Amino acid sequence: MMTQYQEKATVIRRERFSPDNVRLTFDCPDIAAAAYPGQFVMIRVGTGNDPLLRRPFSIHQAHAEGLLQIYFKIVGRGTEMLAEVGEGAEVSILGPLGRGFRVAENPACLVGGGLGIAPLLFLARTLSRLERDHARDTIILGGRSSSEVEPLVKDFEQFGMTVVTTTDDGSYGRRGFVTAAFSTHSLPSSCTVYCCGPEPMLAGMSALCRTRGYSCQVSVESVMACGMGACLGCSKPTPSGGYVHVCVDGPVFDAEEMVWNI
Ligand code: FES
């Protein structure tokens, strides 16, 4: 059992990249020190003890000095409440949870769509510590429009990796989906591909990687009520006819372990 903590974390910074896109930085030393890329936390939004007030957020960055970041979009009451939490306020965070990316030594291609960009920053930082030529590593970031991609590009550029950006509407980077950018980008033959984003994108990436013989890991989005394997709300079927819980068996899986319902 991996060590998990429930911490009272202080919000030390709130950044609003657009009316809907928010990044929060917490002082949260135990979880930050234990986390690895691709894991997530459950954050209690609002007061009271209702477990449904906890929402899952992928870990955007975790620093050894104790800082933990999440990056999210306001999509409803819970995220709206969280976006309003002021600097200096405390929230309860549980984590780190789940199984994250398995970092491989070979050249990497990170592919993120929409909010799927969030956990890739932590992954890119971790990969950047491997001693090798990072110009052979590629990061492909896509979103619907500029506000989903542009605010984070500088953070991704700091590692010396090749950064490619796309937007559906062409307002930033190439016009089109990340799958199209991936198809036309030349990558080393022994590449490991790490993906996070909506299911149609993951299905597309998984098919492309199979064709090209790349090993592919996918971080799967799911509704999560408990985050700890207790509610079965996050189960997904596997090719062998069984099922997995995204919260404890994932959220990161080998693409071949997934059945795509699209
Ligand atoms: Fe409850 Fe996974 S979220 S079992």
Side-chain angles (χ1 to χ4, degrees), residues 1-9 24 26 28 30-32 34-60 62 68-83 91-102 112-120 122-123 194-203 206 216-262:
M1 183 76 181
M2 286 169 281
T3 311
Q4 287 156 358
Y5 302 91
Q6 181 158 340
E7 278 191 284
K8 283 242 170 296
L24 291 180
F26 300 98
C28 192
D30 291 337
I31 295 174
Y36 67 95
Q39 290 189 294
F40 66 99
V41 291
M42 297 291 283
I43 301 186
R44 181 177 298 157
V45 293
T47 50
N49 286 324
D50 183 347
L52 295 178
L53 291 173
R54 282 193 187 279
R55 299 287 161 86
F57 296 90
S58 67
I59 298 173
H60 178 51
L68 184 87
Q69 286 187 320
I70 60 165
Y71 170 63
F72 62 98
K73 197 174 179 109
I74 300 172
V75 288
R77 184 82 189 105
T79 43
E80 202 173 294
M81 283 164 74
L82 194 59
V91 297
S92 164
I93 307 187
L94 175 68
L97 298 166
R99 293 176 201 272
F101 292 105
R102 293 166 301 287
L115 272 192
I117 293 176
L120 299 187
F122 189 12
L123 177 62
Y194 306 86
C195 308
C196 187
E199 194 153 321
M201 176 203 129
L202 298 182
S206 151
C216 179
Q217 298 176 30
V218 291
S219 179
V220 174
E221 291 176 356
S222 171
V223 173
M224 288 189 199
C226 76
M228 304 196 78
C231 74
L232 310 189
C234 66
S235 59
K236 294 249 186 228
T238 61
S240 57
Y243 65 92
V244 286
H245 288 145
V246 174
C247 67
V248 287
D249 302 316
V252 179
F253 297 92
D254 281 331
E256 299 303 316
E257 290 175 66
M258 292 283 100
V259 176
W260 304 111
N261 297 312
I262 54 160

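Order of appearance sets the numbers: ligands from 1, and atoms from 1 within every ligand. For this chain, numbers begin at 1 and follow the sequence in order. What you are looking at is a predicted structure, and each value in this text was computed from that prediction instead of being measured.
Residues Leu94 and Arg54 form a side-chain contact, since some pair of their non-hydrogen atoms from C-beta on lies under 4.5 Å apart.
Residues that satisfy the side chain to side chain donor-acceptor pair (under 3.5 Å) test with Gln39, not counting sequence neighbours, are absent from this structure.
The residues Lys236 and Glu257 are annotated as not salt-bridged, no charged nitrogen and carboxylate oxygen being separated by less than 4.0 angstrom.
For residues 217-251, the ring pair (Phe, Tyr, Trp, His ring centres under 6.0 Å) pairs, not counting sequence neighbours, are Tyr243-His245. The list of salt bridge (charged side-chain N to carboxylate O under 4.0 Å, His left out) pairs with a residue in residues 219-235, not counting sequence neighbours, is empty.
Below the 2.8 Å limit, atom 2 (Fe) of ligand 1 has as protein N, O or S neighbours Cys234 SG, Cys247 SG.
Note: Phe72 and Phe57 have perpendicular aromatic rings, judged against thresholds of 30 and 60 degrees for the angle between ring planes.
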